[in-house]
Amino acid sequence: MPDWPTDPAQLVSAQRLLALETPAAWTPPADYLVAGCWVCFSRGLSGPGRAGDPAWGAAVVLAGGHVVGRSSVAGVATAPYAPGMLALRLGPLLNDVVRRLTPRPDVLLVDATGRDHPRRAGLALHLGAMQSLPTVGVTHRPLLATGTWPADEAGATAALIIDTDPVASWLRSKRGTRPLVVHPGWRVDLDIAVQVVRDSLAGRRTPEPLRLARQSARRARAEQ
DNA sequence: GCGACAG
DNA sequence: ATCTTGTCGC
């Protein structure tokens, strides 16, 4: 496995190569294991931050709605946040958390974009490629893509496009709440990405693997 | 030139 | 991103 890029020029170059790759499409098996990963920072931190910011990462694996594995780690951010460069800030820590995760999930949810990115290679795609793991991105809003919201009905979707390319999808995960953005990641296409997120909702707005990973990361922070 | 900009 | 607080609608 190659090392995680450590400077902006290296990341941009890695993203350009990543965008050209065409790995075999993945489809979920019956009773697949779905994981989520999350990073949280010190309370009160605001703005883009900087390299060395204390950070806590966690990942949770679910099987049929039950937690079957967890990992968490205390570490640091490796760069300030900049749009299109999130992988430089969070990549090494998330890579570490996911590497320690057992059992190995079939698919991983990441709070980041995929093809909705200046070089069509957001962190959800990048993390999956580094881990050889199918990934799905879930964010509150698009990075570059545009599209109107879906109907206010649970499960409704609407296209998010860059130029004419559908790169992500709005998904109304719960009626009466803001829709999520679902991003196909490594080895996952748009329809499968939406299916995986719908499968993991458990009636809430936020997919259960991400909600539990966030909870786990905050718990790790509280123990410091 | 200006604003917007995953987390 | 993170956090609190308040307010509204069911």
Side-chain angles (χ1 to χ4, degrees), chain A residues 4-5 8 11-12 14-15 18-19 36-59 74-98 108-129 135-147 152-154 160-162 167-171 174-186 188 190 193 197 203-207 209-211 213-222 224:
Chain A
W4 204 276
L11 177 62
V12 166
Q15 287 171 338
L18 187 53
C37 58
W38 196 270
V39 172
C40 70
F41 290 92
S42 303
R43 294 184 51 153
L45 197 115
S46 67
R50 53 179 297 174
D53 288 339
W56 293 265
V76 293
T78 37
Y81 168 76
M85 305 296 278
L86 183 61
L88 218 51
R89 178 161 175 78
L90 301 184
L93 184 59
L94 282 176
N95 205 38
D96 200 26
V97 167
V98 175
L108 174 70
L109 305 187
V110 188
D111 184 20
T113 72
R115 299 287 175 184
D116 176 16
H117 183 274
R119 290 164 294 279
R120 305 297 184 271
L123 176 56
L125 192 74
H126 201 152
L127 185 62
T135 51
V136 173
V138 178
T139 62
H140 293 303
R141 53 182 177 172
L143 178 52
L144 299 176
T146 56
D152 189 12
E153 289 296 333
L160 278 157
I161 64 170
I162 295 178
V167 294
S169 181
W170 290 113
L171 170 64
K174 183 176 180 173
R175 191 175 184 176
T177 66
R178 180 187 172 92
L180 306 175
V181 183
V182 176
H183 304 263
W186 185 246
V188 175
L190 198 38
V197 172
R204 303 179 186 266
R205 176 179 182 262
T206 304
L210 288 175
R211 194 180 68 84
R214 176 174 51 196
Q215 196 174 79
S216 204
R218 287 178 177 172
R219 171 167 290 191
R221 178 181 64 187
Q224 286 293 302

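Below, read A as the first sequence line, B as the second, and so on, with proteins coming before strands; counting in each chain starts at 1.
Among the pairs that DNA chain C forms, none builds a region of at least three successive Watson-Crick or G-U pairs under 3.5 Å.
For A/Arg175, no side-chain nitrogen or oxygen approaches OP1 or OP2 of C/dG9 to under 4.0 Å.
Note on A/Arg115: nothing from the nucleic acid sits closer than 4.0 angstrom, heavy atoms only.
Taking a 6.0 Å sphere around CZ of A/Arg219, one finds it holds 12 or fewer heavy atoms contributed by other residues, nucleotides or ligands.
Checking each of A/Asp111, A/Val110, A/Asp116 against A/Thr113 for a side-chain contact (heavy atoms from CB on, under 4.5 Å) leaves exactly one that passes, namely A/Asp116.
Of the possible polar contacts, none joining the A/Trp56 side chain to the A/Ser216 backbone as a donor-acceptor pair under 3.5 Å is found. For the pair A/Asp152 (side chain) and A/Gly176 (backbone), a donor-acceptor distance under 3.5 Å is present.
Looking at A/Pro207 and A/Val136, their side chains never come closer than 4.5 Å, going by heavy atoms from C-beta outward. Looking at A/His126 and A/Leu11, their side chains come closer than 4.5 Å, going by heavy atoms from C-beta outward. Side-chain contact between A/Trp170 and A/Val181 is present, with at least one heavy-atom pair separated by less than 4.5 Å.
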Discussion item. So if I define the base as every atom that isn't primed, P, OP1 or OP2, how would nucleotides 2-7 of chain B read as a B/S/- string at a heavy-atom cutoff under 4.0 Å?
Written reply: ---BBB

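Remark: P of C/dA1 and CZ of A/Arg221 are 14 Å apart, rounded to the nearest angstrom. As rounded to whole Å, 14 Å separates atom C1' of C/dG9 from atom NZ of A/Lys174.
Taking CD of A/Gln15 as the reference point, atom CG of A/Leu88 lies at 8.5 Å (rounded to 0.5 Å).
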